[in-house]
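Let me begin by presenting the structure, written as structure tokens, before commenting on it.
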Protein chains: 2
Amino acid sequence: MCATKWPAGAILDGMSTQVPQTVPQEEWLRLDRQICFSLHAASRAFNGVYRVILKDLGLTYPQYLVMLVLWEHGETPVKRLGEHLRLDSGTLSPLLKRLEAAGLVRRERSARDERSVEVRPTPEGAALRERAEEVPRRIVSATGFTLEEIGDLHARLDRLTGALDAAALQESPGRR
Amino acid sequence: MCATKWPAGAILDGMSTQVPQTVPQEEWLRLDRQICFSLHAASRAFNGVYRVILKDLGLTYPQYLVMLVLWEHGETPVKRLGEHLRLDSGTLSPLLKRLEAAGLVRRERSARDERSVEVRPTPEGAALRERAEEVPRRIVSATGFTLEEIGDLHARLDRLTGALDAAALQESPGRR
DNA sequence: CACAATTAAGTTGTGTGCAACTAAATGGCC
DNA sequence: GGCCATTTAGTTGCACACAACTTAATTGTG
């Protein structure tokens, strides 16, 4: 919910604030833009390349991510999809409805737990995997990075995400 | 590869496809998810931390980026804002309208070029800068990274974005 | 000067992403 | 068995992000 107060500064609590104060006051806003902004920009640039490549498949980028999970794990409840992709039902429900309308997945209430909805690829959705298999190579090639560099970047980003999640969690302890 | 199928194969043209074929077919879809997904996740994690921190200021993350540009450069036409932030008018127009409604910026048609709209911070918008000055430190601290690591990550991400943009450009040569 | 091409904002429509809420089912606990 | 807290999807509302389009102003060219 993160709807809480913010006594401001809580995010620093419990974290080592080992940032050297060698950077002049004035520079902080510029520096900051570089950090957050370069990530934001990279994410959107990635999105753009995926958009072009996935157009043939009729998928958006988040829809592709969902299909990746389904191809790997088969029938999966919405809840677990959300855990894999870090998305909640507010995002997944309409997305899955579109995938179902496109004939790529089927949704049906679990028999054992009527709260849960199982999502599984239709034959068409499963068949799409073959055509999707060339996507990764094209993406890697578009990055211009070697596999080693990609692995390294991946590790850094995961560490970053972990730290950011931990910091945000300090604020809103009760969600997802 | 890159043989027949897609007319979209242009994305590979002119790039060295120096990806070693040591990874088995089956693994590609998993690997791929790791690259794109970790970036996607990191971007959203950043967004989450910013959302929490910026709530005090009444700004969303993209609105904060716009204010950063305005604080640094003063009066700026919408067009230039878009260049700085890599956003088009479809995103900026409603965003700026909200910032104007919040009393943080003013928009007015340029006298010399009636097509252009100049955006500049109001006194309230300018005053917000002071309160925003603590944001970067809190963000850096939330990442758990040193400034050196951040600089390094920043360089990699910029390189990545450049390569991805170049690849996407090959596909849709006529835009933005 | 006239007129086509270009440029800058804005609008419309679609698809996320997420907070806040609702509804239904389940599991504990007495 | 009855009741309440929890869990799971779904819905609503808001804010990007971007493609495609519209409108208005400017520029370039003959």
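All values derive from a computational prediction rather than experimental measurement. Note that these values count all heavy atoms, side chains included, but never hydrogens, waters or copies made by symmetry.
Not one N or O on the side chain of B/S38 forms a donor-acceptor pair closer than 3.5 Å with the backbone of A/L157. Remark: the backbone N or O of A/T60 is paired with a side-chain donor or acceptor of A/Q63 at under 3.5 angstrom. A donor-acceptor pair under 3.5 Å is absent between the side-chain atoms of A/S43 and the main chain of A/L39, judged by distance alone.
Of the residues near DNA chain D, A/R80 and A/A45, the one whose nearest nucleotide (by heavy atom distance) lies more toward the 5' end is A/R80.
Note that the CG atom of B/D113 and the CZ atom of B/R109 stand 9.5 Å from one another [nearest 0.5 Å].
The distance between atom NZ of A/K55 and atom C1' of D/dA19, rounded to the nearest whole Å, is 9 Å. Distance A/M67 CE to C/dT16 C1': 18 Å, rounded to the nearest Å. Rounded to an integer number of Å, the gap from CD of A/E114 to C1' of C/dT26 is 11 Å. Rounded to an integer number of Å, the gap from CD of A/E108 to C1' of D/dT8 is 17 Å.
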For residues 65-75 of chain B, run the donor-acceptor check on the side chains, cut-off 3.5 Å, and write out each pair with its distance to 0.1 Å, sequence neighbours left out.
{"residue": "B/W71", "atom": "NE1", "partner": "B/G125", "partner atom": "O", "Å": "2.9"}
{"residue": "B/E72", "atom": "OE1", "partner": "A/R33", "partner atom": "NH1", "Å": "3.3"}
{"residue": "B/H73", "atom": "ND1", "partner": "B/V69", "partner atom": "O", "Å": "3.4"}

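Test A/Y61, A/Y64, A/F46 against B/H40 for ring-ring contact (aromatic ring centres under 6.0 Å, His included) and you get one pass: A/Y61. Checked options B/D165, B/T91, B/T161; the residue passing with B/R86 is B/D165 (criterion: side chain to side chain donor-acceptor pair (under 3.5 Å)).
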Pairs under 3.5 angstrom, nitrogen or oxygen only, protein versus nucleotides 1-7 of chain C, please.
{"residue": "C/dT7", "atom": "O2", "partner": "B/R115", "partner atom": "NH1", "Å": "3.3"}

For nucleotides 10-17 of chain D, which of its nitrogen or oxygen atoms have a protein nitrogen or oxygen under 3.5 Å away, and what is each distance?
{"residue": "D/dG10", "atom": "OP1", "partner": "A/R107", "partner atom": "NH1", "Å": "3.2"}
{"residue": "D/dG10", "atom": "OP2", "partner": "A/S93", "partner atom": "OG", "Å": "3.2"}
{"residue": "D/dG10", "atom": "N7", "partner": "A/S89", "partner atom": "OG", "Å": "2.6"}
{"residue": "D/dT11", "atom": "OP2", "partner": "A/K97", "partner atom": "NZ", "Å": "3.2"}
{"residue": "D/dC16", "atom": "OP1", "partner": "B/T60", "partner atom": "OG1", "Å": "2.7"}
{"residue": "D/dC16", "atom": "OP2", "partner": "B/Q63", "partner atom": "NE2", "Å": "2.9"}
{"residue": "D/dC16", "atom": "OP2", "partner": "B/R98", "partner atom": "NE", "Å": "2.9"}
{"residue": "D/dC16", "atom": "OP2", "partner": "B/R98", "partner atom": "NH2", "Å": "3.1"}
{"residue": "D/dC16", "atom": "O5'", "partner": "B/R98", "partner atom": "NH2", "Å": "3.3"}
{"residue": "D/dA17", "atom": "OP1", "partner": "A/H40", "partner atom": "NE2", "Å": "3.0"}

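At the heavy-atom level, A/R112 lies under 4.0 Å from the strands shown only through sugar-phosphate atoms.
Cation-pi geometry between A/R159 and B/F145 is met: the NZ or CZ atom falls under 6.0 Å from the ring centre, inside 45° of the normal.
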